[in-house]
Amino acid sequence: MKVGIIGSGGREHAICQSLKISNKFTEIFCFPGNAGTASLANNVELDLNNFETIKNYIFKKKIDLIIIGPEKPLVDGLVDYLEKFKIKVFGPNKLASQLEGSKIFTKELCKKFNIPTANFGIYKNKLDAKEFLEKANYPIVVKADNLASGKGVYICENKAEAINAVNEIFNGKFGKADKLLIEEFLSGEEMSFFTIHDGNIFKNFGTAQDHKRALDGDKGKNTGGMGAYSPSRLINKELENKIIKKIINPTLAGLSELGCKYRGFLYTGLMIVNNEPYLIEYNVRMGDPECQTILPKLKTNIGDIFLACCNQKLMDTKIEWSNKKSLCVVVCSKGYPEKFEKDIEIIDLDKMKLNENDYLFHAGTKSKNEKIYAIGGRVLNFVTLSDNFKSAKKIIYNNLSKLNWTGGFYRKDIGFRVID
Ligand code: AMP
Ligand code: GLY
């Protein structure tokens with residue numbers, strides 16, 4: 001069997017590695033992949049916006065299964081398109097992907113099904129939004145409706161900041177905006193809860209805590225994620241039951257009313273307030289870097305899991321995990337998440353010696369003439385599994401000290417909430 005992965009980040013390298021060790025596939029293709037996947041798979045440069053070209057390539061190479069990593073092709077309907085040609089594909093369809101593609105779609109679902117989430121209002125023009133902001137309590141959260149790579153969320157400390165957010169969104173900073181969302185600020189601790197779905201049933205796929213800000217002490221700009229650990233320190237059986245009963249089950253019921261079955265990963269982004277879960281957002285994929293953090297703990301063959309999902313047989317698949325703690329530190333190009341230089345060589349990266357429980361996943365890298373270059377904002381992910389977070393952290397930062405790349409930076413405090 002042959003398998004293809006769409007995407008080029010650390011998440012996709014981690015999935016690619018798990019597929020490689022699953023030994024189920026004679027050939028792996030990555031569209032377009034990175035320098036890390038190049039050593040495990042065939043990297044293929046295709047225009048990911050051109051679904052027909054993707055379909056033709058899949059037919060030409062007789063690829064049996066396609067895994068979609070990032071949100072954009074999901075929200076754009078790549079699953080629906082490939083399924084029309086009877087191609088086996090893992091990921092939610094266009095309708096279900098609205099859970100991530102439209103924050104207002106999700107909020108309306110929450111309202112209809114009584115799903116706990118921050119109180120909110122939907123505003124169709126600047127005037128109404130500003131009128132509400134006159135009497136609002138602060139801090140308050142203003143959000144663009146559509147996909148904005150995590151940048152369309154403004155946590156506003158006062159009226160002036162909120163009005164600026166409303167202006168930026170309606171002026172088209174994140175694409176055409178007919179509506180925006182203003183919501184209550186929830187104070188608590190965040191947690192990412194992952195599930196995997198086959199259209200009929202779902203199973204838990206781990207928990208994690210991301211570190212979204214660029215600098216130590218949760219300072220600086222919001223990023224895609226600077227590091228993570230798994231499991232979350234907040235998870236317990238009672239909380240897990242509440243998340244499933246109050247949030248995930250009613251969401252699936254809502255989708256089912258729309259005639260839609262969910263298949264793929266579901267990332268439930270939560271704020272936990274006194275052991276009570278509130279939905280902050282859904283993502284219709286694995287998190288990045290949460291995926292790199294969680295997958296090394298997976299003991300079950302990932303190929304079997306994906307195939308079971310595509311054949312609606314997840315019920316028969318037991319998903320087993322290592323009990324070890326996992327920590328991931330992301331190395332970025334200096335300047336990220338704003339301007340950074342590209343095409344900088346990372347010297348001797350391939351000579352780096354790692355132990356059995358250490359993993360190095362590439363993100364924004366490219367290989368040229370046997371050399372590896374940084375070409376993106378988030379570039380490398382160092383992951384370690386250990387008996388406790390403290391020793392995992394020590395090992396990772398020791399590995400990082402051997403990295404010969406002055407163009408990069410990383411946070412020094414990943415895991416600070418679980419490590420003294
Ligand atoms: P989102 O893209 O909706 O996940 O929002 C990005 C980040 O903004 C989240 O990870 C939270 O840290 C923060 N955030 C979003 N909504 C709220 C809220 N209602 N209250 C507090 N923080 C929020
Ligand atoms: N790490 C956050 C995300 O994947 O959206």
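Just so you know, ligand 1 is whichever comes first in the structure, and atom 1 is the first atom listed for that ligand. Residues: numbered from 1 along the sequence shown. Bear in mind that the values here come from a model prediction, so they are computed numbers and not experimental data.
Between Asp218 and Arg411 there is a salt bridge, with a side-chain nitrogen of the basic residue lying less than 4.0 Å from a carboxylate oxygen of the acidic one. Electrostatic pairing of Lys111 and Glu183 does not count as a salt bridge here, judged by no charged N lying under 4.0 Å from a carboxylate O. Salt-bridge check for Lys173 with Glu168: passed, with a basic side-chain N closer than 4.0 Å to an acidic carboxylate O.
Lys130 and Asn167 are linked by a side-chain donor-acceptor pair at a separation below 3.5 angstrom, with hydrogens and angles left out of the test. No side-chain donor-acceptor contact under 3.5 Å links Asn399 and Asn355. Between the side chains of Asn34 and Ser8, no donor-acceptor pair is found at a separation under 3.5 Å.
Residue-level proximity to ligand 1 for Ile155 is carried by the side chain, the only part with a heavy atom below 4.0 angstrom. Contact annotation: for Glu184 versus ligand 1, heavy atoms closer than 4.0 Å belong to the backbone alone. Contacts with ligand 1 closer than 4.0 Å are made by side-chain heavy atoms of Val153 only, the backbone lying farther away.
Of all atoms in ligand 1, numbered sequentially from 1 with element shown, those under 4.0 Å from a heavy atom of Ala118 are 19 (N). Taking every non-hydrogen atom of Glu281 and a distance limit under 4.0 Å, the qualifying atoms of ligand 1 come out as 1 (P), 2 (O), 3 (O), 4 (O). Near Gly287, meaning under 4.0 Å from any of its heavy atoms, are these atoms of ligand 2: 4 (O). Heavy-atom contacts of Asn283 reach the following atoms of ligand 2: 5 (O) (cutoff under 4.0 Å). Shown in contact with Glu183 at under 4.0 Å from a heavy atom are these atoms of ligand 1, numbered in order with element: 16 (N), 17 (C), 18 (C), 19 (N). Set against the non-hydrogen atoms of Asp210, the atoms of ligand 2 under 4.0 Å away are 1 (N), 2 (C). Residue-ligand proximity, Lys143 to ligand 1, at heavy-atom distances under 4.0 Å covers atoms 3 (O), 15 (C), 16 (N). Shown in contact with Gly224 at under 4.0 Å from a heavy atom are these atoms of ligand 2, numbered in order with element: 1 (N), 2 (C). Heavy-atom contacts of Met271 reach the following atoms of ligand 1: 21 (C), 22 (N) (cutoff under 4.0 Å).
Between Leu186 and ligand 1, a contact under 3.5 Å exists for at least one N or O pair. For Asp288, a nitrogen or oxygen atom sits less than 3.5 Å from a nitrogen or oxygen atom of ligand 2, counting backbone and side chain alike.
In this structure, Gly225 falls outside the shell of residues with a heavy atom less than 4.0 angstrom from ligand 2. Proximity of Pro289 to ligand 2 is established by a heavy-atom distance of less than 4.0 Å.
Ring centroid separation for the pair Tyr57 and Phe31 comes in under the 6.0 Å cut-off. The aromatic ring centres of Trp321 and Phe205 sit less than 6.0 Å apart. Aromatic pair Tyr336/Phe409: centroids not less than 6.0 angstrom apart.
Taking CG from Asn50 and CG from Leu46, the interatomic distance works out to 8.5 Å, rounded to the nearest 0.5 Å.
A cation-pi geometry, defined here as NZ or CZ lying under 6.0 Å from the six-membered ring centre and within 45° of its normal, holds between Lys412 and Tyr410.
The residue among Met286, Glu290, Arg285, Arg378 with a heavy atom at the shortest distance from atom 5 (O) of ligand 2 is Arg285.
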